[in-house]
Number of protein chains: 2
Amino acid sequence: MKRKPAVTSREVAELAGVSQSAVSRCFSPKASISEKTRRKVLKAAKELGYRPNSIARSLITRSSRTIALVLSTLDNMFYPLAVEKASLRFQAEDYHLLLFVVPEDGDFAGVMDRILQSQVDGILMMSALLTSSLAEECVETGVPVVLLNRNVAFEGVSQVYSDNYHGGFWAGSYLAMGGHQRAAFVSGLESSSTSRRRHQGFVDGLASHGLTCHAVVHGNYDFEQARQATRELFAMSPRPDAIFVASDHMAVAVLETLRHELGLRVPEDVSVIGFDDTPVSAWPSYRLTTVRQPVDQMIEEATTLLLKQIREEAVVAEHRVLPVTPILRATARRPVAASVD
Amino acid sequence: MKRKPAVTSREVAELAGVSQSAVSRCFSPKASISEKTRRKVLKAAKELGYRPNSIARSLITRSSRTIALVLSTLDNMFYPLAVEKASLRFQAEDYHLLLFVVPEDGDFAGVMDRILQSQVDGILMMSALLTSSLAEECVETGVPVVLLNRNVAFEGVSQVYSDNYHGGFWAGSYLAMGGHQRAAFVSGLESSSTSRRRHQGFVDGLASHGLTCHAVVHGNYDFEQARQATRELFAMSPRPDAIFVASDHMAVAVLETLRHELGLRVPEDVSVIGFDDTPVSAWPSYRLTTVRQPVDQMIEEATTLLLKQIREEAVVAEHRVLPVTPILRATARRPVAASVD
DNA sequence: GCACAAAATGAATACGTTTGCAAAACAGGC
DNA sequence: GCCTGTTTTGCAAACGTATTCATTTTGTGC
């Protein structure tokens, strides 16, 4: 099977007996064209199997109708679901997604360079580490950017994330009210703002009941590292009696390790609270008590914000923080008499 | 912040005091350019913040260096991992991935149209339903396509998948040798070749030990539907004593339902075998006996094949079927005396 | 310094569209 | 049929790059 040379609007024009402009106008929604020539053109187009070349179109319209989606890993189910939703949303608006996976330790600046070269109309970054300088560079080039689920100390770029601080605060006070004395924290990436905010909220939540954080170990949002972190936690003495984990993905690792490796009962021996509320967390084997992030809403806000910035000439950065919902399930001991809010 | 007009090679040329061609040559790896002018150009480029416009480049080179990745859902972890690997692989070859998510019941032909319009250099379809006519259309237009993990009754398009039949066959004979009498099958999408091949192998595997398939229910590769299918299975009488499930994603749903809803023990009351070997399957809570698909190898083969077809003028379709590995864990009763191979 | 090959350069063209502009076709009212 | 106002149409100029070809510059061995 040999490659056919692509058929152009000129060839269609010739066959239909009209000018090339007429053909072009047939494929532009708002252009002015008579019904008669439209029929002629569409007939010829179909006969030749013509499809407008979107590269050429992009060149002249200076818009690729493409969004760069950058993320660092897909092994936490939170992200695949977010990607799927974002994809559907953008497709509905006739935008395409260009996927960039950049490992946490990868050459982020290099990827950034390629993104900018690829002439995308906008950038949606999911939990990618964006240094302030890189963020500035984006803004300099004038490409709209929105950061999802991660923030950066630079006002100039739009960000949507959920209320990590209060999620952490709730976890801290809920565990305190459940009568726990030694609540520990399994962090995500130390460099991530999300993990830091959750941690801070957690510490403050405990403090509001006169407690301090018993220990902190680093799970780096990774399943295996979270297991290892759990082992370290329980090699300490005294052992924690509760754990707040920076993501459900890691929380499951913690649960598995607690139950099947350390032989502990949850929540009788240890309480566990996660963050995200991924589908796994609701499975009967886990029934994880957690803090729900409103994924749908986050994606909706982020895409809407990005599309808005693309359409408008002047880009003005906005920050949106979405509320979080405690999901009471079976892995954290419930406070006996008091109500929590 | 206002949008800056993009800086072009011509402006760089002017600043550097050279021709536009010289600038272009500086950014083409193999072009002939003196060290002296290269320095001048790069200096000017950096000063102006110039980046070659890949749209214009694509137009002239007739290659977008972009691959369409089409899939229907990301909620089975098999796919996110595959996507991540594919992405890394293509990025390393300086190709970009354009993501197309098309729901199982979505307008596939419409998406296909957009893919073709977007001038991708190749298409990688993961488990998407491609009708023969659509496949032919692809081949007609001359865009290289490779189907991953799904095949279609059309020789003209390249396909890589694993040995579904023998995976199913092994499951059937392993369950038979384990002394099960009433082994049932939870299918994936009925229209999918993978599910059908696994089913066929399973039936033949049972038959090789003189057994027949006790029942078939449809899970459509969906978690909830798999739960429902399990309920149906156990509403029947007599109940099955073993289940082969067309994917691990569904197998976990089956396990959850069996244990926590029907109060059955696995493998004492019922044995369960899955397919894929996703990370979840190895978690201590499940320890799912399953048939491993060599994801890494599948992606490697598929990407290599696609890149090869892109580079070569004439496209010749190839089929690659990769071997599958039984993973013996804890959800299926082991045969007592005999060895299986 | 010279002859010659090799390397580097610039002018010009092409890629396949969209779109402003002016000419042409059309419709309606007399 | 003529004048006016509105569509419809074709021409031609972009968009920003890669690349061919002819020309100029550089390098090498004497």
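The figures here come from the full heavy-atom set of this structure, side chains too, leaving out hydrogens, waters and symmetry mates.
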Name the atoms and distances for all side-chain donor-acceptor pairs under 3.5 Å in residues 14-27 of chain A, with sequence neighbours left out.
unit_1: A:Ser19; atom_1: OG; unit_2: A:Ser21; atom_2: N; d: 3.4
unit_1: A:Ser19; atom_1: OG; unit_2: A:Ala22; atom_2: N; d: 3.3
unit_1: A:Gln20; atom_1: NE2; unit_2: A:Ser9; atom_2: OG; d: 3.2

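- Each side chain to side chain donor-acceptor pair (under 3.5 Å) pair with one or both residues in residues 94-103 of chain B, not counting sequence neighbours, would appear here, but there are none.
- Put simply, A:Lys30 has a side-chain N or O that comes within less than 4.0 Å of OP1 or OP2 on C:dT19.
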Original post:
Could you write nucleotides 10-17 of chain C as a row of B, S and -, 5' to 3', where a protein heavy atom under 4.0 Å of any base atom gives B, of only sugar-phosphate atoms gives S, and otherwise -?
Top reply: BBB-BBBB

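- When heavy atoms are screened at a 4.0 angstrom cut-off, A:Thr37 is found touching the sugar-phosphate backbone but no base atom.
- Mapped onto DNA chain C by nearest heavy atom, B:Ile33 and A:Ser28 fall at different nucleotides, with B:Ile33 at the one closer to the 5' end.
- Among the atoms of the strands shown, base atoms are found under 4.0 Å from some heavy atom of A:Ser32.
- Legend: residues meeting salt bridge (charged side-chain N to carboxylate O under 4.0 Å, His left out) with A:Asp113, ordered by chain and number and at least two apart, are B:Arg51.
- The nearest whole Å value for the distance from the CZ atom in B:Arg39 to the P atom in C:dT9 is 12 Å.
- Shown here are the side chain to side chain donor-acceptor pair (under 3.5 Å) partners of A:Gln293, two or more places apart in sequence or in another chain: A:Ser162, A:Asp276.
- By the salt bridge (charged side-chain N to carboxylate O under 4.0 Å, His left out) test, A:Lys308 is found to be paired with A:Glu318, residues two or more places apart in sequence or in another chain being considered.
- Residue pairs meeting the side chain to side chain donor-acceptor pair (under 3.5 Å) criterion with at least one partner in residues 77-89 of chain A, sequence neighbours excluded, are A:Tyr79-A:Ser127, A:Tyr79-A:Asn149, A:Lys85-A:Asp296, A:Ser87-A:Gln91, A:Arg89-A:Glu93, A:Arg89-A:Glu300, A:Arg89-A:Thr304.
- Here side chain to side chain donor-acceptor pair (under 3.5 Å) pairs that include residues 53-62 of chain A, with residues two or more places apart or in two chains, number zero.
- The closest side-chain donor-acceptor pair between B:Gln309 and B:Ser158 falls under 3.5 angstrom.
- No contact: A:Ser54 has no heavy atom under 4.0 Å from any strand.
- Using a 4.0 Å cutoff to heavy atoms of chain A, the contacted part of DNA chain D runs 5' to 3' from D:dT8 to D:dG16.
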